[in-house]
Protein chains: 2
Amino acid sequence: MTKSSRAEPKSEAAFPRRGHDHHRCVADALSQAERLCAQRGARLTEIRKQVLELVWESHAPIGAYQILEKLAESGKRPAPIAVYRALDFLMEQGLVHRLASRNAFLGCGHPDTNHQAQFLICDSCGSVAELADTRIVDAIADRAGRSGFAVAGHVVEIQGTCPDCRKAAHAG
Amino acid sequence: MTKSSRAEPKSEAAFPRRGHDHHRCVADALSQAERLCAQRGARLTEIRKQVLELVWESHAPIGAYQILEKLAESGKRPAPIAVYRALDFLMEQGLVHRLASRNAFLGCGHPDTNHQAQFLICDSCGSVAELADTRIVDAIADRAGRSGFAVAGHVVEIQGTCPDCRKAAHAG
DNA sequence: GGTCATTTTGTTACACTATAACATGACGTG
DNA sequence: CACGTCATGTTATAGTGTAACAAAATGACC
């Protein structure tokens with residue numbers, strides 16, 4: 001688990017700030033994906049890149065068939081399975097996560113490090129914060145260990161209200 | 001959070017023992033459901049009871065359409081929505097849980113207490129252990145709090161290999 | 001360049017999961 | 001027994017995901 005070099009801020013920045021330059025996020029994510037795939041000898045083909053881009057362009061997690069619709073808008077309408085194949089590849093490469101509780105996908109914020117992520121999902125605006133929380137992972141590992149259970153992976157998706165929506169609710 | 005009166009064993013019994021009297025489990029779950037619904041003024045109608053029984057009879061989590069098939073075997077084939085309605089009721093009453101990562105349902109082991117459960121799911125045999133682990137819940141609450149996120153609920157589903165299947169793998 | 005194995009994509013069809021909308025029936029209360 | 005409410009039936013459809021096989025692209029090697 002390599003840690004980012006910068007220190008954690010007091011109020012941990014889990015959610016992206018509203019009004020940030022999201023085009024930059026998308027561009028960064030794509031170039032990082034190109035780099036990682038090149039390093040690994042994995043082929044980031046056209047449709048895979050397009051799907052990754054569409055996943056990132058969406059602020060909220062996006063469904064496979066929504067991706068399909070967006071592809072159709074740009075001229076081609078692949079079969080559903082083409083989208084799922086691309087998503088499978090992207091998930092194998094750790095570039096995309098799937099939210100089991102939503103049947104939806106979102107770009108991974110740190111695809112360079114191998115990780116088990118957890119998610120905070122806002123019921124109000126649909127935005128998602130990706131976590132890599134040691135205490136949660138440790139608590140899971142500990143409890144599983146005490147039950148003699150060998151952990152292979154986990155789904156941790158926390159529903160609730162994000163800070164911005166809480167403020168909005170109080171103001172309203 | 002009322003706790004069971006018996007103490008926790010050294011190796012915490014999360015998974016049901018193989019070869020236990022499962023008919024007894026089913027019967028107990030049904031009578032407890034009857035009692036709870038009567039207390040609450042909720043109507044445990046025939047189809048709801050049947051669905052609950054089928055969920056409990058299955059050792060592993062069971063899909064809605066599998067329930068439908070089993071109902072069909074006993075003479076009637078309701079529309080899918082009838083099964084989903086029954087499951088919705090049972091979930092509202094805390095008698096049944098849904099596993100988001102499997103699109104499947106299982107009987108709740110302690111429907112009398114209001115709780116957020118976590119699950120250990122064996123990839124090998126499909127058996128599931130239901131947890132109510134304080135440390136996991138605390139870690140989630142803590143992390144969410146630091147992000148300014150108000151938790152409404154969570155999905156915690158841990159995949160891996162259960163103790164019995166680990167032993168079997170080592171033996172084979 | 002040509003051949004081959006491998007990977008990726010296309011095509012078609014289908015399986016599985018879940019809900020909408022409206023009609024009918026059961027149930028308890030006054 | 002009339003009424004409102006809750007539960008179920010009926011029909012149709014939306015949404016999510018995969019199987020199976022054919023065709024095409026790619027890269028390594030001769």
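Residue numbers start from 1 in every chain, and the chains themselves are labelled A, B, ... in the order their sequence lines are given, proteins ahead of strands.
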Requested in this report: Could you check whether B:Arg98 gets within reach of a base, just the sugar-phosphate, or nothing at all, counting any heavy atom under 4.0 Å?
Outcome: sugar-phosphate
Query raised in the report: Given atom NZ of A:Lys76 and atom P of C:dT11, what is their separation to the nearest angstrom?
Result: 13 Å
Query - Separation of D:dT10 C1' from B:Ile47 CD1 (nearest whole Å) - result: 14 Å
**Report entry** Divergence of helical axes at both termini of the helix from C:dG1-D:dC30 to C:dG30-D:dC1 - five pairs an end, 10° steps
**Finding:** 20°
Query raised in the report: Is the phosphate of C:dT9, meaning OP1 or OP2, less than 4.0 Å from a side-chain N or O of A:Arg48?
Result: yes
Query raised in the report: Under 4.0 Å between a side-chain N or O of A:Thr45 and OP1 or OP2 of D:dA25?
Result: no
**Report entry** Atom-pair distance (CD on B:Gln93; P on D:dC6), nearest Å
**Finding:** 14 Å
Query raised in the report: Measuring from A:Phe149:CZ to A:Arg143:CZ, what's the distance to the nearest 0.5 Å?
Result: 11.5 Å
Requested in this report: For A:Glu46 and C:dG10, give me the distance from atom CD to atom P, rounded to whole Å.
Outcome: 11 Å
Query raised in the report: In whole Å, what is the span from the CZ atom of A:Arg102 to the C1' atom of D:dG15?
Result: 16 Å
Query - Distance, nearest 0.5 Å, that separates CG of A:Asp28 from CH2 of A:Trp56 - result: 9.0 Å
Report summary line: CZ (B:Phe15) and SG (B:Cys125) are apart, to the nearest 0.5 Å, by 7.0 Å
Query raised in the report: For B:Arg77, which contact category applies under a 4.0 Å heavy-atom criterion: base, sugar-phosphate, or nothing?
Result: nothing
Requested in this report: To the nearest 0.5 angstrom, please state how far the CG atom of A:Leu68 sits from the CD1 atom of A:Ile62.
Outcome: 10.5 Å
Report task. Give a yes/no answer on whether the side chain of A:Asn103 brings an N or O atom under 4.0 Å of OP1 or OP2 in D:dG17. Result -> yes
Query raised in the report: To the nearest 0.5 Å, what is the distance between CZ (B:Arg98) and CZ (B:Phe119)?
Result: 11.5 Å
**Report entry** Parallel, tilted or perpendicular, as decided by the 30° and 60° cut-offs, for the rings of B:His59 and B:His20
**Finding:** parallel
**Report entry** Closest non-hydrogen atom pair between B:Cys108 and B:His97, with its separation
**Finding:** SG-NE2, 3.3 Å
Query raised in the report: Does any residue of residues 50-75 of chain B have a heavy atom under 4.0 Å from DNA chain D, and if so, which ones, in number order?
Result: none
Report task. Go through C:dT9, D:dA7, C:dT12 for me and flag the one nearest to the B:Arg43 side chain. Result -> D:dA7
Report task. Using a strict 4.0 Å threshold on nitrogen-to-oxygen distance, state whether B:Asp112 and B:Arg40 make a salt bridge. Result -> no
**Report entry** Validation row: A:Cys162, A:Arg18 side chains within 4.5 angstrom (heavy atoms)
**Finding:** yes
Query raised in the report: Where along residues 80-90 of chain A does a heavy atom come under 4.0 Å from DNA chain C, residue by residue in number order?
Result: A:Ile81, A:Arg85
Report summary line: Between the CD atom in A:Gln118 and the CD1 atom in A:Ile136, the distance rounded to the nearest 0.5 Å is 5.0 Å
Report task. Could you tell me the separation between the CG atom of B:Leu99 and the C1' atom of C:dT17, rounded to a whole number of Å? Result -> 15 Å
**Report entry** Check ion pair B:Arg85-B:Asp88 (N to O, under 4.0 angstrom)
**Finding:** no
